[in-house]
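See structure below.
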Amino acid sequence: QVQLVESGGGLVQAGGSLRLSCAASGRIFSSATMGWFRQAPGKGRDFVASIWWNGTNTNYADSAKGRFAISRDNAKNTVYLQMNNLKPEDTAVYYCAAKYDTTSDTTSRGYDYWGQGTQVTVSS
């Protein structure tokens with residue numbers, strides 16, 4: 001099993017920045033593809049970004065490209081999401097997820113483990 005704990009969310013003004021962290025434990029972190037998803041009230045859970053186990057490949061949703069950056073530190077069992085130039089439409093609960101197979105890393109169905117989420121609110 002894997003335990004994932006997100007942190008770093010909060011309330012920021014439009015144009016501001018946040019860095020989300022996801023600390024993993026329980027299973028070998030370095031072998032997992034890690035992803036970030038978000039869910040606004042009344043909406044589905046949308047893909048934001050992912051990073052392969054060795055950091056050689058990253059994927060971003062179109063809404064995140066140029067503003068967000070995913071990274072990982074395998075020695076610390078932690079994945080990060082740096083979010084810059086935040087917009088009100090970025091407001092959502094952000095979830096960290098882990099997968100251990102080769103299925104799609106841009107859909108929530110492909111992930112095996114999920115954190116509880118951290119709230120990001122961007123004021124207009």
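Index from 1, following the sequence.
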Which heavy atom of [X] sits nearest to which heavy atom of [Y], and what is that distance?
| X | Y | value |
| --- | --- | --- |
| L4 | A98 | CD1-N, 3.8 Å |
| K99 | D112 | CA-OD2, 3.4 Å |
| L86 | L18 | CD1-N, 3.9 Å |
| Q119 | T91 | NE2-CG2, 4.1 Å |
| K65 | Y60 | CE-O, 3.4 Å |
| I70 | M34 | CD1-O, 4.0 Å |

Under a 4.5 Å side-chain heavy-atom rule over Ile, Leu, Val, Met, Phe, Trp and Tyr, are Y80 and V48 clustered together?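 No, separate clusters.
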Starting at [atom1] of [X], measure out to [atom2] of [Y] and round the result to the nearest 0.5 Å.
| X | Y | atom1 | atom2 | result |
| --- | --- | --- | --- | --- |
| T58 | F68 | OG1 | CZ | 14.0 Å |
| I51 | W36 | CD1 | CH2 | 12.0 Å |
| R67 | M83 | CZ | CE | 9.0 Å |
| S63 | R38 | OG | CZ | 4.0 Å |

Return yes if some donor-acceptor pair links the side-chain N/O of E6 with the main-chain N/O of G117 below 3.5 Å, else return no.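 Side chain of E6 to backbone of G117: a pair is present.
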Just by distance, do the side chain of R109 and the backbone of S104 share a donor-acceptor pair under 3.5 Å?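 Not a single qualifying donor-acceptor pair exists.
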Side-chain cluster (under 4.5 Å, hydrophobic types only) that Y111 belongs to, other residues: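 Y111 clusters with F37, F47, V93, Y95, W114.
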Tell me the disulfide bond (SG atoms under 2.5 Å apart) pairs involving residues 20-116, sequence neighbours left out?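 As it turns out, the disulfide bond (SG atoms under 2.5 Å apart) pairs with a partner in residues 20-116, which skip direct neighbours, are C22-C96.
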What residue pairs, at least two apart or across chains, pass disulfide bond (SG atoms under 2.5 Å apart) with a residue in residues 24-67?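 Applying disulfide bond (SG atoms under 2.5 Å apart) to every pair that reaches into residues 24-67, excluding sequence neighbours, yields nothing.
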Restricting to salt bridge (charged side-chain N to carboxylate O under 4.0 Å, His left out), what partner residues turn up for D73, sequence neighbours left out?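 D73 satisfies salt bridge (charged side-chain N to carboxylate O under 4.0 Å, His left out) with no other residue.
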Report, as yes or no, whether the 6.0 Å neighbourhood of atom CD on Q3 holds more than 12 heavy atoms from other residues, nucleotides or ligands.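 More than 12 within 6.0 Å, yes.
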I'd like to know if D90 and K87 make a salt bridge, using a cut-off of under 4.0 Å between side-chain N and carboxylate O.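 K87 and D90: not salt-bridged.
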Please identify each residue that fulfils side-chain contact (heavy atoms from CB on, under 4.5 Å) with S7, with sequence neighbours left out.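 S7 satisfies side-chain contact (heavy atoms from CB on, under 4.5 Å) with S21 once adjacent residues are dropped.
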Quick one: list whatever passes side chain to side chain donor-acceptor pair (under 3.5 Å) with N77, sequence neighbours left out.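 With neighbours one apart ignored, the set is empty.
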